[in-house]
Student: 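Mind having a look at this structure? Questions to follow.
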Number of protein chains: 2
Amino acid sequence: MDERADAQAGGVTIYEVAQRAGVSIATVSRTLRGTGPVAGATREKVLRAVEELRFTPSRAGVSLAEGRHAANGIVFPNLSGPYFAEVLIGYEEVTSELGRSVVILSTKGREPTPRGTDAIRDAVRELAGRVDGLVVFGSTVPGDVVEELVASRLPLVLISHAPMPGAVTLRSENTASARALAHHLLGHGHAEFAFLGAPYATGDDVDLRWQGVREVLGDAVQPVLTAEYTVESGYQAALRLLRGAGRPRAVICSDDEVALGTILAAEELGLSVPHDVAVTGWDDIMAARHARPALTTVRQPMRELGARAARALDALIAGLGVEDAHRTLDTELIVRGSCGPHPPGGH
Amino acid sequence: MDERADAQAGGVTIYEVAQRAGVSIATVSRTLRGTGPVAGATREKVLRAVEELRFTPSRAGVSLAEGRHAANGIVFPNLSGPYFAEVLIGYEEVTSELGRSVVILSTKGREPTPRGTDAIRDAVRELAGRVDGLVVFGSTVPGDVVEELVASRLPLVLISHAPMPGAVTLRSENTASARALAHHLLGHGHAEFAFLGAPYATGDDVDLRWQGVREVLGDAVQPVLTAEYTVESGYQAALRLLRGAGRPRAVICSDDEVALGTILAAEELGLSVPHDVAVTGWDDIMAARHARPALTTVRQPMRELGARAARALDALIAGLGVEDAHRTLDTELIVRGSCGPHPPGGH
DNA sequence: GCCGTGGATGGAAGCGCTTACATGCGGAGG
DNA sequence: CCTCCGCATGTAAGCGCTTCCATCCACGGC
């Protein structure tokens, strides 16, 4: 309040500071960045001027001169469910710890590339232009756009994407976990299964889960599509499925939200979970624990995924080699009530 | 693949395009931005060169020349629960629709300003330096930092913050909703109440809810603090509360996550919800609907909050006046099972 | 007492782009 | 046929900063 609030948005420049301190802009820059020697008295004068003028270096100026942005981007399909939010938490935390800003881009709502100038490509290009590196979730972005990014040599980390030269990839384990889950369900004595949320894209997480389930259960499991990975579309699909003739004994859902929708549908139809139908999810989101019955699911380390992506990206940007360019993180089977009764003392 | 992938990250400049097209950089710029006249043939040449070179204007260069960033920021405490994530969804959607990037900053983990150069202040300044406007959640940022932002004339929208000259503020209604909720609980015949998640800061959302509840229930309600607004700390606090002597008949929680924790605690203690103790939440997050019993809560329009903030900020940046500088959005009481039995046919 | 040396500082050239402003040109009007 | 006008284009001056390089100065060693 004692200072004149004349600090126009982006107003005061290094020249004004220099003039006020009676030095050259070079000296101001050196003082502020700690590059090069500056005499004690000079330093004082400069810092005082900076303080009085409330000087903050123009980000655009710095970026242009330095040739870098000190910002990293991340592209995800949406933030509706907890999944991407959790990954984002881990990513933001580490990235800002490393002194870089985080620019986000959700591809939700943009046209899924029919050919030609599409919105996603433009948005990703725009984003790529203002960051030093990018994290992109699996199938949020058309393949040719990913290739364009790789070709541009932009440091790139892909989450839940098949290994790819020119980029680091990172994902949670899927297939083995799916097999473990399937075996667990077999242990309950269930026989007919449905896999709800059948895969869209080959090689994405859900596809791999389906592969694993399929390996173990063979023809005893039928794939059933949901429109999206949301409670609502899980509910809709489950309603159809459970009302049908060959009602499965257990529904293995692609993710927790679809599973929650399934439980809702079962309830609506007067079916008891897990007595009439067992239900399992994937991810172990918060609601999984609070659902009744609590959801049996596969926990994947969402925050760690984000954190590791951030670190890998930083290494890439720094020009360091990344130890393991295509890493897979372990998951954990979380057995709760929704998959069937367990002996009270049992594990 | 047919093109040379020599596009170094941030490599090709407008000069190279100009040279290749045989024109000046001014013409290239005019062609790409659509400012000023360009002859058809020239336009063709330029566009072809742009295409062949995969030219994308350097963001830093553009920003510096234009004097703007084409990016907006948002500051929130964390992204753990669904609340801030939902607001962010609304914000991101509208902002990117308006052709601007979104830069995020979570204050989680940064020291809460003991005096002196603190991490939050620095992070916010850094953010402020790379955007054209900022949205800040209520009490994520120390008061003097907010004042600094206002003084800097940076377009600023505050969410869940008391009205303030120099900034637009936006929030959901709290007090009246709290009164309505309290009345509803009284209608169930409950008598002793606890308000779990007692306010930290005067004037923030939770404080206003507490005020409303207090107005109606008077001394029949006791405030009980939780460490954070999370399931875990709600659980811990509820455990203590419900195990104590003067166990309340109804627990009004500051938000849904605390309420979910409370339900967990009740279950752990062998108490039936709502028979032994009624529980209510706030926000209507996804898990509220899936909890058993389903949570009675106050729904607030989280996405709309974000969307409106984005639009207001855009108006501010454009220099337009904002119609209503201090707006309050309506909420809705969502009655489910956790507050007590309702007549089957009742509303 | 002179030169060498290194610390402190200023000058100035970019970084990549936008945009007045100047220039050049061809056609319409007289 | 000459002038005037307006479209198409180029020239160059920034935008705010970093940093290489040159300059200057004081001091210690000979």
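Chain letters run A, B, ... following the sequence lines, proteins first and then strands; every chain starts at 1.
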Student: Rounding to a whole Å, what distance do you find between Arg33(B):CZ and dC17(C):P?
Tutor: 11 Å
Student: Can Glu92(B) and Lys108(A) be said to form a salt bridge (charged side-chain N to carboxylate O under 4.0 Å, His left out), step by step?
Tutor: CA-CA 10 Å; Glu92(B) 197 277 343; Lys108(A) 174 74 169 260; over 6 Å; no
Student: Can you figure out which of dT18(C), dT9(D), dC21(D) approaches the side chain of Thr42(B) most closely?
Tutor: dT9(D)
Student: Do the side-chain N or O atoms of Arg68(A) get closer than 4.0 angstrom to the phosphate oxygens (OP1, OP2) of dC15(C)?
Tutor: no
Student: Mind checking Ser29(B) for me? I need base, sugar-phosphate or nothing, with any heavy atom below 4.0 Å counting as a touch.
Tutor: base
Student: Could you go through Arg33(A) and Ser29(A), starting from their C-alpha distance and side-chain angles, then the distance that decides it, and tell me whether this counts as side chain to side chain donor-acceptor pair (under 3.5 Å)?
Tutor: CA-CA 6 Å; Arg33(A) 332 191 88 216; Ser29(A) 180; 4.7 Å; no
Student: Below the 4.0 Å mark, does dT11(D) have OP1 or OP2 next to a side-chain nitrogen or oxygen of Ser24(B)?
Tutor: no
Student: Taking the minimum atom-to-atom distance to the side chain of Ser58(A), which one of dC17(D), dA12(C), dC7(D) wins?
Tutor: dC17(D)
Student: Any N or O donor-acceptor pair under 3.5 Å from the base of dC15(C) to the side chain of Tyr15(B)?
Tutor: no
Student: Using a 4.0 Å heavy-atom cut-off, does Ser63(A) contact any base of the nucleic acid, only the sugar-phosphate backbone, or nothing at all?
Tutor: nothing
Student: For the side chain of Ile14(A), counting heavy atoms from C-beta on, which of dG10(C), dC17(D), dT18(C) is nearest?
Tutor: dC17(D)
Student: For Ala65(B) and for Thr27(B), find the nucleotide of DNA chain D with the closest heavy atom, then tell me which residue's nucleotide is more 5'.
Tutor: Thr27(B)
Student: Starting at atom NZ of Lys45(A), determine the distance to atom C1' of dA8(C), rounded to an integer number of angstrom.
Tutor: 11 Å
Student: Is the shortest heavy-atom distance from the side chain of Arg100(A) to the side chain of Ile317(A) under 4.5 Å?
Tutor: yes
Student: Determine the contact category for Arg30(B): base if any of its heavy atoms lies under 4.0 Å from a base atom, sugar-phosphate if only primed atoms, P, OP1 or OP2 are that close, otherwise nothing.
Tutor: base
Student: Consider the side chain of Leu64(A), meaning its heavy atoms from C-beta on, and name the nucleotide among dG16(C), dT11(D), dC17(D) that approaches it most closely.
Tutor: dG16(C)
Student: Starting from the C-alpha separation in whole Å, work towards a yes-or-no answer on side chain to side chain contact (heavy atoms under 4.5 Å, CB included) for Leu313(A) and Tyr91(A).
Tutor: CA-CA 10 Å; Leu313(A) 188 55; Tyr91(A) 183 66; 3.4 Å; yes
Student: Counting only distance, no hydrogens or angles, is the base of dG16(D) paired donor-acceptor with the side chain of Arg59(A) under 3.5 Å?
Tutor: no
Student: Show your working on salt bridge (charged side-chain N to carboxylate O under 4.0 Å, His left out) between Glu16(B) and Arg20(B) and close with a plain yes or no.
Tutor: CA-CA 6 Å; Glu16(B) 306 171 41; Arg20(B) 177 147 190 154; over 6 Å; no
Student: Please give, in whole Å, the distance from dG16(D) P to Ile25(A) CD1?
Tutor: 11 Å
Student: So what does Ala39(A) hit on the nucleic acid, given a heavy-atom distance under 4.0 Å: a base, only sugar-phosphate, or nothing?
Tutor: sugar-phosphate
Student: Once you apply a heavy-atom cut-off of 4.0 Å, does Pro57(A) come out as touching a base, just sugar-phosphate, or nothing?
Tutor: sugar-phosphate
